[in-house]
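Have a look at the structure below, then the notes.
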Amino acid sequence: MNLFRDFQYEIIKVIEDLEQEGLLPRGLDTARVACEPPREAAYGDVTTNVAMVLAKPAQRNPRELAALVAERLGIHHAVEKAIVAGPGFINLTLARTFWHGRLRDVVEAGTAYGDSTVGAGREVNVEYVSANPTGPMHVGHARGAVVGDVLAALLAKAGFDVTKEYYVNDAGAQVDVLARSLHLRYREALGETIGAVPEGLYPGEYLKEAGHALARRDGEKWLGEPEDVWLAPLRAFAIDAMMTMICDDLAALGVVHDVFSSERALVESGRVDEAFRLLEDRGLIYTGVLDPPKGMTPEDWEPRPQTLFRSTEFGDDVDRPLRKSDGTWTYFASDAAYHLDKFRRGFAIMIDVWGADHGGYVKRVAAAVNALTEGKGALDVKLCQLVSLLDAGEPVKMSKRAGTFVTLKEVVDEVGKDVVRFIMLTRSNDATLDFDLRKAVEQTRDNPVFYVQYAHARACSVFRNAATEMPNIATDDSSLLNVSLDSLTAVEEIDLIRLMAGWPRIVEGAAEAHEPHRIAYYLQELAAAFHGLWNKGNADSDARFLVADEARAAARLALVRGLQLVIASGLQVLGVKPVEEMH
RNA sequence: GCGCCCUUAGCUCAGUUGGAUAGAGCACGAGCCUUCUAAGCUCGGGGUCGCAGGUUCGAAUCCUGUAGGGCGCGCCA
């Protein structure tokens, strides 16, 4: 389906033919032969560097070699002309009928257009959100949630077997604090006056409801009991309540995970001990004393012996501790074991989506994956930079203490999930992002969500008008597939098809690079091309889609249908609903 | 002090894994439209890709150094 890949095969076939005929030395390495759209449209439709890449090994002058290959490519039925340019590029211009064929591909495939097999069914695990189960999600979490969710959808479209996973950090001291905070709210629910929430406990109102729920379920069972009696059951209850709340918030954003992995279960099942022994057996564990970080010794620094993993042997900057002084595992130890667990569940490809504040953690986890999987597991960590929440250009002040903390749910309620999802992808994940609540819902040219949605709505509007104005034209897909496209000759029309035909390549490229934001950018470009064509109809009534000549109108309806389908296909990956009309 | 990320037009940012004359939106400038396919259209000016070296046919992209900004830096997760 990716036409550039198709031409790449054609080119490699030509090279092989030339080798067979003795015109080129045998066994040339064609791995670096690229086939892509040229930067300048004037150069044609497809460009290849084959001659420049093979010139040296073939001991030929690049332009001369290019001429040889271009001559063979010129014979191809889809190629109108093949010319040699610059230092040895071969530029192919494709026949108009070729593009008409690609439009038919789109209409035939529907929103499945762009589906690819490059993933070849390989299993990928995308772990994202993984927010601590101690409170509601805030806006900062939204970015990682969207990036992970769309990346997963993108990989699935590209033919990978994707599992979406959430790692529940339910094992550390913080969930004990959560349990104590719940106990307070539980007493409150049973009529006690608790006053101010003591320092060190979670003061948020969100635990009140959980306190009432616990009181309803268990009555006065935990009143007056010592902490060691109620801690574990209340902790479980609280985590459950928090996870339910988090999942509800995520669902409102359209984010649903396949698997939830518990850190506590990992530890209790002995899988951390197992990973530790594995490292020990490989001689990667020792007891040592770390130097303080140069230039910023912490105030309470004192040298002490620790159980360390030799992560420096795998590219880390210092060796990392695996045990706390009380003998329990550090977070890193269980996270290392968690990644081994994912690998053993069949995921040789693992993607973690984290906030930028965890950037310092990447090397040690990568080192652990490398050591534990003997280099067979591939980990890619996508770090999401900060999101600044604005309202009409003014920063929204956020502070947990002042209670002006903006939750994910509030933002989704305010602007809608589709807007949040799209805006979160209008920047590369490693650039910071401004999210302006006001601008996000404006219906103007510079709101990308509106702009793309509007293109789809306009396409729908054309079909609504066609039904009343041109009732003789059958507009179902199978009818449109049989329409003659010969009248589609305008450069803008062919340009639009060319863009649509580039969709499969965008999907593959974005999936392989793990860069979901490319989809949002592509959709803006596609929408712009369609709006341009539409505007042409404003100035020149012959350029409208619904013209008196029914054969021509039908061909243009096929074009509009194709556009509508590719936009819908892209929005589907983003998890954004394509709207049929604006209001 | 060390590590990671960022630095591209006045502003906010893309840049197809090393390709040809570096792009988009906004802003700015000049025209057009006063209508229908609703919330404008066309054209234009604007760049030493932070800086300096290196790698090669070819660098915004890779390597080294350097400046500025962000994040992080021994038992928190």
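Reminder, nothing fancy here: chain letters follow the sequence lines and each chain counts from 1.
Among the protein residues, A:E302 comes within range of the nucleic acid bases, having at least one heavy atom under 4.0 Å from a base atom. Looking at heavy-atom distances under 4.0 Å, A:E512 makes contact with a base. Nucleic acid contact for A:A173: sugar-phosphate only, since backbone atoms but no base atoms lie under 4.0 Å from a heavy atom of the residue. Using a 4.0 Å heavy-atom criterion, one finds that A:P37 contacts the bases of the nucleic acid, with or without backbone contacts as well. Within 4.0 Å of A:A431, counting heavy atoms only, lie sugar-phosphate atoms of the nucleic acid but no base atom. Within the 4.0 angstrom heavy-atom criterion, no nucleotide atom of any strand lies near A:T134. The residue A:P303 sits close to a base: some heavy atom pair falls under 4.0 Å. No engagement by A:D540 is indicated, since no non-hydrogen atom pair under 4.0 Å with the nucleic acid exists.
Contact record, A:P448 with A:F422: CB-CE2, 3.7 Å, taken as the closest heavy-atom pair. Contact detail for A:A82 and A:L92: the closest heavy-atom pair is CB-CD2, 3.4 Å.
Applying the side-chain contact (heavy atoms from CB on, under 4.5 Å) criterion to A:H141, with sequence neighbours excluded, gives A:A131, A:M137, A:H138. Judged as a side-chain contact (heavy atoms from CB on, under 4.5 Å), and not counting sequence neighbours, the contacts of A:E525 are A:L499. A:E263 is linked by a salt bridge (Lys or Arg N to Asp or Glu O under 4.0 Å) to nothing, counting only residues two or more places apart in sequence or in another chain. Judged as a salt bridge (Lys or Arg N to Asp or Glu O under 4.0 Å), and not counting sequence neighbours, A:E280 has no contacts. Every residue two or more places apart in sequence or in another chain that forms a salt bridge (Lys or Arg N to Asp or Glu O under 4.0 Å) with A:E492 is listed here: A:K536. In this structure, the side-chain contact (heavy atoms from CB on, under 4.5 Å) partners of A:R63, at least two apart in sequence or on a different chain, are A:N61, A:V84. By the ring-ring contact (aromatic ring centres under 6.0 Å, His included) test, A:W534 is found to be paired with no residue, residues two or more places apart in sequence or in another chain being considered. Every side-chain contact (heavy atoms from CB on, under 4.5 Å) that A:V441 has, sequence neighbours left out, goes to A:V415.
For B:A39, one of the phosphate oxygens OP1 or OP2 lies less than 4.0 angstrom from a side-chain nitrogen or oxygen of A:R458. Distances shown here put every side-chain N or O of A:R5 at or beyond 4.0 Å from the OP1 or OP2 atom of B:U16. Regarding contacts with the backbone of B:U37, a side-chain N or O of A:R544 is found under 4.0 angstrom from either OP1 or OP2.
The nearest whole Å value for the distance from the NE2 atom in A:H517 to the C1' atom in B:G15 is 9 Å. With rounding to whole Å, A:Y331 atom OH is found 17 Å from B:G74 atom P. What separates CZ of A:R320 from C1' of B:A77 is a distance of 15 Å, to the nearest Å. Note: CH2 (A:W329) to P (B:C76) measures 15 Å, nearest angstrom.
Proximity note for A:N49 (side chain, C-beta onward) versus B:U37, B:G19, B:C6: the nearest is B:G19. Side-chain proximity of A:M582 to B:U37, B:G23, B:A38: nearest is B:A38. Side-chain proximity of A:M296 to B:G1, B:A77, B:G3: nearest is B:G1. Considering only the side chain of A:E515, B:G15 comes nearest among B:G15, B:G74, B:A77. Of the candidate nucleotides B:G74, B:U37, B:C4, B:U37 has the atom nearest to the side chain of A:W534. Nearest to the side-chain atoms of A:R427 among the listed nucleotides B:A77, B:A14, B:A20 stands B:A14. Of all nucleotides listed (B:A20, B:G1, B:A77), B:G1 comes nearest to the side chain of A:P293. Proximity note for A:K324 (side chain, C-beta onward) versus B:G74, B:A77, B:A39: the nearest is B:A77. Taking the side chain of A:N91 as heavy atoms from C-beta on, and the options B:A20, B:U12, B:G1, the nearest nucleotide is B:A20.
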task = Give the dot-bracket string for RNA chain B, reading 5' to 3', where a pair is Watson-Crick or G-U wobble with both distances under 3.5 Å, ( ) marks pairs inside the strand, [ ] marks pairs crossing earlier ones, | marks a partner on another strand, and . marks unpaired.
result = (((((((..((((.....[...)))).(((((.......))))).....(((((..]....))))))))))))....
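Heavy-atom nearest nucleotides on RNA chain B were determined for A:D300 and for A:D170, and the one closer to the 5' end corresponds to A:D300. Comparing A:N465 and A:K363 along RNA chain B, the residue whose closest nucleotide (by nearest heavy atom) sits nearer the 5' end is A:K363.
Put simply, the residue from A:Y331, A:F332, A:Y167 that forms a ring-ring contact (aromatic ring centres under 6.0 Å, His included) with A:Y338 is A:Y167. Of the residues listed (A:L425, A:V449, A:L154), the one engaging A:L574 in a side-chain contact (heavy atoms from CB on, under 4.5 Å) is A:L425, and it is the only one.
A distance of 6.0 Å or more separates the ring centres of A:Y128 and A:W354. If you look at A:F545 and A:F530, their ring centroids are closer than 6.0 Å.
Between the side chain of A:R39 and the base of B:U21, no donor-acceptor pair under 3.5 Å is found.
Comment: A:E515 engages A:R518 in a salt bridge, judged by a side-chain N to carboxylate O separation of less than 4.0 angstrom. A salt bridge does not link A:E165 with A:K342: every distance from a Lys NZ or Arg NE/NH1/NH2 to an Asp or Glu carboxylate oxygen is 4.0 Å or more. Taking the charged nitrogens against the carboxylate oxygens, A:D352 and A:K382 have no contact shorter than 4.0 Å, which rules out a salt bridge.
For the C1' atom pair drawn from B:G25 and B:A77, the interatomic distance equals 40 Å after rounding to whole Å. Taking atom C1' on both nucleotides, B:A20 is separated from B:G15 by 15 Å, rounded to a whole Å. Taking atom P on both nucleotides, B:C11 is separated from B:U7 by 14 Å, rounded to a whole Å. Using atom P as the reference point in both B:U8 and B:A30, the two lie 29 Å apart (nearest Å). Using atom C1' as the reference point in both B:A27 and B:A67, the two lie 29 Å apart (nearest Å).
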With the criterion being N/O to N/O and under 3.5 Å, what pairs connect the protein with nucleotides 40-45 of chain B, and how long is each?
unit_1: B:C41; atom_1: OP1; unit_2: A:N535; atom_2: ND2; d: 3.4

With 3.5 Å as the limit, what N/O pairs link the protein to nucleotides 54-57 of chain B?
unit_1: B:C57; atom_1: OP1; unit_2: A:K56; atom_2: NZ; d: 2.6

Tabulate atom names and distances for all N/O pairs under 3.5 angstrom spanning the protein and nucleotides 70-72 of chain B.
unit_1: B:C71; atom_1: O2'; unit_2: A:A356; atom_2: O; d: 3.1

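Look at A:Y521 and the base of B:A14; the rings do not stack under the cut-offs of 5.5 Å between centres and 30° between planes. Both thresholds, 5.5 Å between centres and 30° between ring planes, are met by A:F89 relative to the base of B:A20, so the two rings are stacked.
Ring orientation note: the planes of A:F276 and A:W329 are tilted relative to one another, at an angle of 30° to 60°.
An anti orientation is assigned to B:U42, its glycosidic angle lying beyond 90° of 0.
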